[in-house]
Each structure stands twice: as C-alpha cells, then as structure tokens.
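Take a look at the structure below.
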Amino acid sequence: MKIEHFFEQKKPIISFEIFPPKKESALRNLDETLEILSQLKPDFISVTFGAGGSCVNNQTVEIAKKIKAKYHIEALAHLTCLNHNQDEINILLQELEKAGVENILALRGDKNPNVTPKKDFTYASDLVAYIKSQGNFGLSGACYPEGHTECENEVQDILNLKKKVDAGVGHLISQLFFDNDVFYNFQKNAQLAGIEVPIEAGIMPVINKAQIEKMVSLCGASLPSKFTKIMQKYEDNKEALFEAGIAYAIDQIVDLIAHDVEGIHLYTMNNPLVAQRIYEGIKKLL
C-alpha cells in the first residue's frame, strides 16, 4: 500500500526509521530491533540508504524486503541519487520491485568531498520525476523545517520543496527539530506555497551529548533554551540524560498531536528501547 494513502484512513500515523549496520555482524542485532519494533505496530518502517550506497547487494533493499515479508509492515526504502547514474538507479528500482517494496523516499544524498557526483540527477526532484516515469512506486520526500543547510533562504527552500511535490511526491517527512513552533511555522509556509501532501514530523530523542553535537553540526537544528538547559544539567549523567531526552521527545509529540499533526516519524537510531519508551508514553493519544 502506498504510504500517502495511510493518511486517508487515520491520523496521526506513527512510523520508525532504522539504518543498515555497517558491519555484517550487527545484522543480528538489527533483527532483534525489528522484532521489538514490529510489536509496536507502526504504520511503516523506513530504512536509510546503505553505507557505501552500492546498487548491488544493497542492505537497504534486503532489510526493506524483510520488513514487508517477515513482519508484514509497510517498508519505505530510502534512495539517494547524487552519486548514481540512471543505469544504477534502474538496478535499484528493479531490485525494490522484485522485493515487493513499493514505497521510496527519494533523496539527493549528502555530498562527499572525496567523490565526484554523477551528472544524471542533480536534485531529489530529478529523481522523483524519473521514478514517477518508471513504475508505480509511492514516493515520499524529505523537508526541512529550518531550511536545507545548503539553501540560501527559507523561501527558496519552500519553492524547491514545491518542485519536489509537483514532480510526484505524495508524502513528506521532516528533518529533526527541537522547537515545535519552528515546525508549525514551516507547515504554514508550505500551505501558503500550495503544498497539500501529508507532512510527518521527524522526532529524534537526544539521549547522549555526542549525539546532540553531531546532529546540530549535520543539520543545523536550532536548540531552544528549554532543551539546552535540560541537556546542560544532565550531560554528565548518562542515565539522567537518557530519561531527560525521552521526556523531551514525548513532550514534543504530545504537543504535536494536540496540534493535529498528520504523523510522527521517530528516528530510532536502531535503539528499540527508545522506541518502546516513547510509544508507551503516547500510545493512548494515537
């Protein structure tokens, strides 16, 4: 089932994100994670694009296939295009179709200073339009409540997002954010631009100091004073910081649901305990 149709049946929907482990030995741990996540009955589970981004023996495809075939949960496979040509994308699309995976999160992908980008696809909207012409996949896209780090301003970012939606995206998942007002403002601007597809709020529970620093450096998310004070108070107490991070994420989600958010996409970081704790805190609101 195409994910965009889930929103016709219920709101808010709940979904999780996992990533393929870099080491083969960690695949067993991922199976244990999927066992636990499946018991929470999410509407779908997304799988980030495998390390290295190879178009053959891609773990993303295999994991997405397992989510559908073994756990009977819809899978959303991430697919990046910056470092792939059209033939390589075709291989991945064929593999996904053969695996029974019908939903794709179409992304440009991060720039790698050590790799020269291919020239067939420059933007995610290029990939969306191409996939739309090749088969009957459900297409999702990423959006950035505080603007993409490479975009000159938020207005241009919204216009770029509109291009992606017009190319065929039927559902959006937001980058992580820690200030709900930022998300609400983004929703308003998206609506003004004529973007009418469902937007899920991406929530990442911050449970350790290194994670905070990495996330801020990668995506430029702003840190509200409430969040900063909590993190500073407990940054040297691992267990307390874990509890504070979970509590902050639950508080965000409760407020989002009260504001009729269409969906919550939880970045689990392959930690099933995080997903369990948060789900237990919000399940009666869903």
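Keep in mind the model is a prediction, meaning the values are calculated, not measured.
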* Do the side chains of V261 and V254 join up, straight or via other hydrophobic residues, at under 4.5 Å, putting them in one cluster? -> yes

In F137, Y123, F121, the residue satisfying ring-ring contact (aromatic ring centres under 6.0 Å, His included) with Y130 is F121

For this session: Kindly work out whether a path of hydrophobic side-chain contacts (I/L/V/M/F/W/Y, heavy atoms less than 4.5 Å apart) joins V182 to L172.
Result: no

### Query
Do I282 and I14 have side chains that get closer than 4.5 Å, going by heavy atoms?
yes

**Prompt:** Do Q156 and N160 have side-chain atoms, one donor and one acceptor, less than 3.5 Å apart?
**Reply:** yes

Given the options K283, K284, R277, E280 meets salt bridge (Lys or Arg N to Asp or Glu O under 4.0 Å) only with K283

The side chain to side chain donor-acceptor pair (under 3.5 Å) partners of K65 (sequence neighbours excluded) come to none

Applying ring-ring contact (aromatic ring centres under 6.0 Å, His included) to F7 and not counting sequence neighbours gives H171

* What is the ring orientation for F186 with F183, classed by angle as parallel under 30°, tilted 30 to 60°, or perpendicular over 60°? -> tilted

Anything under 30° is parallel, anything over 60° is perpendicular, the rest tilted; go ahead and classify F44 against H265.
parallel

message: Grouping I, L, V, M, F, W and Y whenever their side-chain heavy atoms are under 4.5 Å apart, do I173 and Y144 come out in a common cluster?
response: no

So with a 6.0 Å cut-off around NZ of K233, is the heavy-atom count from everything else above 12? no

> Would one find more than 12 heavy atoms of other residues, nucleotides or ligands at under 6.0 Å from atom CD of E8?
Replying inline: yes

Carefully, step by step, assess E95 and K98 under the rule salt bridge (Lys or Arg N to Asp or Glu O under 4.0 Å). CA-CA 5 Å; E95 289 297 313; K98 186 176 9 176; 3.6 Å; yes

Would you say that more than 12 heavy atoms from the other residues, nucleotides or ligands in this model lie under 6.0 Å from the OH of Y184, or not? yes

Practice item. Show your reasoning for whether salt bridge (Lys or Arg N to Asp or Glu O under 4.0 Å) applies to D251 and K226. Key: CA-CA 12 Å; D251 186 56; K226 177 182 175 181; 3.0 Å; yes

Which of I63, L30, V61 passes side-chain contact (heavy atoms from CB on, under 4.5 Å) with V47? It is I63

Original post:
Any chance NZ of K163 has more than 12 other-residue heavy atoms, nucleotides or ligands included, within less than 6.0 Å?
Top reply: no

